[in-house]
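Only one structure is covered here, and it is reproduced in the block below.
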Amino acid sequence: ARQPEADVRAGTAEAIPLEAASVDAVLVAAAFHWFEPDAALTEIHRVLGPGGGLGLSCKRAEGDAGPRGPGLAPRSGRAPPAPGTLPPDR
């Protein structure tokens, strides 16, 4: 369904078309693996306002039940890595 009140903008995780500190949350569902991690995290930190947060949702490989059931990754309770801290193979 169309949502005429939605503010839709073209952009990428590495170049988010929003003002600095302009959002309370950034949500990513099954897509972070496609991003250039350091550039995306830098942009996410830039657009998040004080106290804002990043929510990531990832799906496990088919058949991998894991500790929380089929298709659910375990909760770590940790914040995402800061820009520039990922291993070079990521």
Side-chain angles (χ1 to χ4, degrees):
R2 291 184 178 213
Q3 299 295 323
E5 67 277 6
D7 180 7
V8 179
R9 302 178 191 197
T12 66
E14 299 82 8
I16 301 170
L18 297 171
E19 299 295 320
S22 64
V23 299
D24 294 324
V26 172
L27 305 175
V28 180
F32 195 84
H33 62 283
W34 294 109
F35 302 166
E36 194 291 298
D38 287 337
L41 288 172
T42 297
E43 271 297 273
I44 290 166
H45 283 275
R46 182 186 70 77
V47 301
L48 282 173
L54 168 61
L56 297 174
S57 170
C58 298
K59 185 174 186 242
R60 287 182 173 265
E62 187 174 331
D64 183 3
R68 293 187 56 222
L72 298 175
R75 285 190 239 179
S76 70
R78 296 179 304 174
T85 62
L86 293 173
D89 63 333
R90 288 278 181 111

Sub-4.5 Å side-chain heavy-atom contact between F32 and P37:
yes
Solution key, residues 4-18 side-chain donor-acceptor pairs under 3.5 Å, sequence neighbours excluded:
from: D7; atom 1: OD1; to: R9; atom 2: NE; distance (Å): 3.3
from: D7; atom 1: OD2; to: R9; atom 2: NE; distance (Å): 3.1
from: D7; atom 1: OD2; to: R9; atom 2: NH2; distance (Å): 2.8
from: R9; atom 1: NH1; to: P17; atom 2: O; distance (Å): 2.7
from: T12; atom 1: OG1; to: E14; atom 2: N; distance (Å): 3.3
from: T12; atom 1: OG1; to: E14; atom 2: OE1; distance (Å): 3.4
from: T12; atom 1: OG1; to: A15; atom 2: N; distance (Å): 3.1
from: E14; atom 1: OE2; to: E36; atom 2: N; distance (Å): 2.7

For residues A31 and V28, report the shortest heavy-atom separation together with the two atoms involved.
CB-CG1, 3.9 Å
Of all pairs that satisfy salt bridge (charged side-chain N to carboxylate O under 4.0 Å, His left out), the ones with a partner from residues 25-34, not counting sequence neighbours:
none
For residues V23 and L27: do they belong to one hydrophobic cluster (side chain heavy atoms under 4.5 Å, members Ile, Leu, Val, Met, Phe, Trp, Tyr)?
no
Contacts satisfying salt bridge (charged side-chain N to carboxylate O under 4.0 Å, His left out) that involve residues 16-29 (not counting sequence neighbours) are none
Scan for salt bridge (charged side-chain N to carboxylate O under 4.0 Å, His left out) pairs involving residues 40-54, sequence neighbours excluded, and state none if there are none.
E43-R46
